[in-house]
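Take a look at the structure set out below.
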Amino acid sequence: MSRFYLTTAIDYANGDPHLGHALEKIGADVIARYQRAAGLDVHFMIGMDEHGQKVAQTAAAQGSEPQAFTDRIAERFLATWEKLGISHDQFIRTTTPHHKAGVQALIRRIAERQPDDFYEQSYRGLYCVGCEAFKQPADIVDGRCVLHPTRTLEEVEERNWFFRLSKYAPFLRAHIEGNPQFVQPISRRNEILGLLDQGLEDISASRSRLSWAVPFPMPLSTGEVQGTYVWFDALPNYLTGTGFPDGDWESRWPAQLHIIGKDITRFHVVIWPAMLHAAGLPLPEQVWAHGFVQLGGERFSKSAGVKLDLHEAIDRFGADAFRYVLLREVPFDGDGNFSWERFEERYTSDLANALGNLASRAVAMVEKYRGGVVPVAAAPDDEAGDHDDVRAYHAAMNGSRGWLLHDGISAVARQVARANEFTQQSAPWQLAKDATQADALDVVLASLIRRLARCTMQLAPFMPNKCAQLWRTLGAPSSLAALQFDALSSLDVAGWRVTKGDPLFPRPVAPAEPS
RNA sequence: GGGGGUGUAGCUCAGGUGGUUAGAGCGCCGGUCUCAUAAACUGGAAGGCGUGGGUUCGAGCCCCACCGCCCCCA
């Protein structure tokens, strides 16, 4: 069985999970579930990035020790992922002893194989005591830190370990050009190639004044032991998650797919591959950068009040509906928009009216006209159109053209619409009035259940719980979770015993109030 | 300031290599039907294709400039 090691970015532990985090986890979860149903041996890892001065400061501001603080944040993320039905196999945290040892092992391995890659150098910059960090020009107005305008920025010089990233520019260019699937979508690939054109600068690998960090495994020539800087701490999580450097980590590395946000593409396709290559380790097969969700056309902003309560959104119509609508509305290869209004519209038209009502009317007719048992009958010609859409679904979902999850949903939505159309045109309620049309009625009813079963299977990665419920309603003998896609083409629904229950997706009772 | 994207009906988006009256879904307006969650099916209205130039017999698709928005870097 082919293995499929899939990761998302690890989330920075200085606040609660928000819509952006959710989009990435849901998208990756859909991919993980799809690949399992496609028969792959999936290992799906998510986690937390818990080091850094910002975390230590936020903890201190709340009167907490950093570890206790990140423990709490990690709990909150985990609770959210559970509520959303994320099916991760592993949840990694960068403050665990194994990860810290793995980071140090990776750094030592690079230093052994490429002794020239780490070197000491002085770094000068404007340091803000309030932030306990060096500030970039963008964060400085009138010579003051924008966050601490009452304080004076100090020009500070410190010695750090640097990593010779510049040396790897030719390697990276060759790798990215020679492996078109490595950085996706293509727009992101072009962006990185343009960046390589401008040349790479070496990056610092350690910092002083970085107390909440993995100790850098090599002291400076002064004897000082510094903290490992963000790249060398966070990025290796994908590797340490496999058990590196212990055990049979090589059975899982390299990862098949890193799912990340477009803002951190550079770290994942420049810095991370350079580190791995320096260590003599294979590179991940693909990095996929998704876009951003905006809220009602505006970007997130706590100060401007542009935010959305994730739990409120999940509770509105349930986790499955939220997952579906979010991925339906936000293309996974670009930016998208989310609003309460849109959420409600999509839920009502796609889920309540189209799919939910289709299931409802089909099951009701099988009960009414055939005592709840799906009759034996051949498939009508009308189903032929579905085959093209099933193909389109897989083409969108299997990664061969990128991870176009929104296109996958569209392909199923077309099948649902076709089934409603078919129902209208064949008018089973008319056939039922005429005993000589019994065979024709059998064909229609069996076809409807078969179409529903197909759609259910295809939508299962998006809405695992609702689809399992629908699967039971249809009276399928096997469990949906155990079913694989290759069983779909030969699906036999004859004899299934349907049961009409409460509406799968009840129509909204009251308009959603943006609170 | 540099780089990568993006701007097409009220909303979200499709529109290989430029070529007759620019498409879809949702929403909206009208019609049909009754199995169904007042759902479904069907017909229709609706677009200066960001702005201004240019290339071409002909541009939403090519070139230049400018404007708005997203991301990265400085």
Side-chain angles (χ1 to χ4, degrees), chain A residues 20 125 135-140 183 185-201 203 260-271 289-301 325-331 333-339 341-370 392 404 406-407 409-414 416-433 441 444-445 448 452 498 500-509:
Chain A
K135 306 308 288 187
Q136 298 301 313
D139 303 319
I140 299 172
V183 192
I186 289 172
S187 57
R188 299 270 89 86
R189 180 167 176 264
N190 293 339
E191 180 180 344
I192 295 302
L193 287 172
L195 192 142
L196 289 175
D197 283 341
Q198 298 170 53
L200 293 179
E201 291 189 6
I203 56 175
I260 60 162
K262 66 178 183 178
D263 54 332
I264 51 176
T265 314
R266 196 173 56 96
F267 305 142
H268 285 77
V269 304
V270 175
I271 299 177
H290 67 253
F292 279 66
V293 205
Q294 294 195 296
L295 267 185
E298 295 182 84
R299 58 172 298 182
F300 288 98
S301 163
V325 174
L326 190 61
L327 290 184
R328 170 78 148 150
E329 287 298 302
V330 182
D333 60 343
D335 294 344
N337 202 2
F338 190 88
S339 68
E341 197 179 18
R342 197 72 184 158
F343 188 8
E344 182 121 356
E345 280 177 6
R346 269 300 179 200
Y347 173 82
T348 304
S349 64
D350 278 25
L351 297 180
N353 293 355
L355 177 63
N357 185 55
L358 174 67
S360 184
R361 68 199 302 204
V363 166
M365 286 189 282
V366 172
E367 286 206 331
K368 201 169 196 170
Y369 305 139
R370 290 295 179 266
L404 308 175
H406 53 292
D407 282 345
I409 290 184
S410 300
V412 184
R414 287 196 296 273
V416 172
R418 187 175 297 109
N420 272 318
E421 220 172 290
F422 167 74
T423 308
Q424 203 67 29
Q425 282 164 7
S426 47
W429 50 92
Q430 296 288 357
L431 300 174
K433 291 175 184 166
L441 180 56
V444 174
L445 295 179
L448 281 177
L452 270 168
V498 304
K500 186 160 171 59
D502 293 334
L504 195 60
F505 300 102
R507 287 177 58 82
V509 285

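Note that the structure is predicted; figures quoted are calculated from it, not measured. The sequence lines fix the lettering, A, B, ..., with proteins before strands; numbering per chain opens at 1.
Spacing between atom OH of Tyr369(A) and atom C1' of U34(B) amounts to 9 Å, rounded to whole angstrom units. Summarising the geometry, the separation between CG on Leu445(A) and P on C35(B) is reported as 13 Å, rounded to the nearest angstrom. As rounded to whole Å, 15 Å separates atom P of A39(B) from atom CG of Leu351(A). If you take CD1 of Ile409(A) and P of U12(B), they are 18 Å apart, rounded to a whole angstrom. For Asp502(A) and A36(B), the CG to C1' distance is 15 Å, given to the nearest whole Å. Rounded to whole Å, atom P of A14(B) lies 14 Å from atom CZ of Arg414(A). In this structure, Leu327(A) atom CG and U12(B) atom C1' are separated by 15 Å, rounded to whole Å. One interatomic measurement links the two molecules: CD of Glu341(A) to P of G10(B), which rounds to 15 Å at whole-angstrom precision.
The gap from the P atom of A59(B) to that of G50(B) amounts to 15 Å, rounded to the nearest Å. Between the P atoms of G4(B) and C64(B), the separation comes to 12 Å (whole Å). Across the C1' atoms, G18(B) and C62(B) are found 8 Å apart, a figure rounded to whole Å. Remark: the separation of the P atoms in C26(B) and A22(B) is 22 Å, to the nearest Å. The C1' atoms of C28(B) and C11(B) are separated by 12 Å, rounded to the nearest whole Å. C63(B) sits 15 Å from G16(B) when the P atoms are compared, rounded to a whole Å. A gap of 27 Å separates the C1' atoms of G58(B) and U6(B), to the nearest Å. For the P atoms, the distance linking U34(B) with A24(B) amounts to 29 Å, nearest Å.
Of the listed nucleotides (U12(B), C70(B), G3(B)), C70(B) has the atom at the smallest distance from the side chain of Lys262(A). In this structure, of C70(B), C26(B), C41(B), it is C70(B) that holds the atom nearest to the side chain of Gln294(A). The listed nucleotides are C73(B), A39(B), U42(B); the one nearest the side chain of Arg266(A) is C73(B). Among the nucleotides C41(B), U34(B), C71(B), the one closest to any side-chain atom of Phe292(A) is C71(B). When the nucleotides C70(B), U37(B), C33(B) are ranked by their closest atom to the side chain of Gln424(A), C33(B) comes out on top. Considering only side-chain atoms of Glu345(A), the nucleotide from C26(B), C35(B), A39(B) that sits closest is C26(B). When each of G4(B), A36(B), C73(B) is scored by its nearest atom to the side-chain atoms of Arg188(A), the top-ranked nucleotide is G4(B). Candidate nucleotides C72(B), G5(B), A36(B) were compared by shortest atom distance to the side chain of Asn190(A), and G5(B) ranks first. Listed candidates were C70(B), C11(B), C35(B). Nearest to the side chain of Asp335(A) is C70(B). The listed nucleotides are A36(B), C35(B), G2(B); the one nearest the side chain of Gln198(A) is G2(B).
Between Val325(A) and Arg342(A) the shortest side-chain heavy-atom distance does not fall below 4.5 Å. Side-chain atoms of Asn337(A) and Val293(A), non-hydrogen and from C-beta on, never get closer than 4.5 Å to each other.
Looking at heavy-atom distances under 4.0 Å, Ser360(A) makes contact with a base. Leu504(A) comes within 4.0 angstrom of a nucleotide base, judged by non-hydrogen atoms across all strands. Residue Glu201(A) is classed as having no contact, given no heavy-atom separation below 4.0 Å to the nucleic acid. Within 4.0 Å (heavy atoms only), Ala364(A) reaches sugar-phosphate atoms of the nucleic acid but no base atom.
Along RNA chain B, the nucleotide nearest Glu191(A) and the nucleotide nearest Val416(A) are compared for position; the residue whose nucleotide lies closer to the 5' end is Glu191(A). Nucleotides of RNA chain B nearest to Arg346(A) and Ala354(A) differ in position, and the one nearer the 5' end is that of Arg346(A).
Under the Watson-Crick and G-U wobble criteria, each requiring two contacts below 3.5 Å, nucleotide C61(B) is left unpaired. Applying the Watson-Crick and G-U wobble criteria (two distances, each under 3.5 Å), A24(B) pairs with U12(B). The nucleotide C49(B) finds no pairing partner, because no Watson-Crick or G-U wobble arrangement with both distances shorter than 3.5 Å includes it. The base-pairing partner of A40(B), taking Watson-Crick or G-U wobble contacts with both distances under 3.5 Å, is U32(B).
The closest donor-acceptor contact from the side chain of Glu367(A) to the backbone of Lys500(A) lies under 3.5 Å. A donor-acceptor distance shorter than 3.5 angstrom exists from the side chain of Asp335(A) to the backbone of Phe292(A), with no hydrogens or angles considered. Under a 3.5 Å cut-off, the side chain of His290(A) and the backbone N or O of Ile260(A) do form a donor-acceptor pair.
Of the options Asn353(A), Asn357(A), Thr348(A), a side chain to side chain donor-acceptor pair (under 3.5 Å) to Arg507(A) is made by Asn353(A) and by none of the others.
Using cut-offs of 30° and 60° on the angle between ring planes, the pair Phe343(A) and Phe338(A) is tilted.
Put simply, the side chain of Asn357(A) and the base of A36(B) share a donor and an acceptor less than 3.5 Å apart.
The existence of a salt bridge linking Arg418(A) and Glu421(A) is excluded, since no basic side-chain nitrogen approaches an acidic carboxylate oxygen closer than 4.0 Å.
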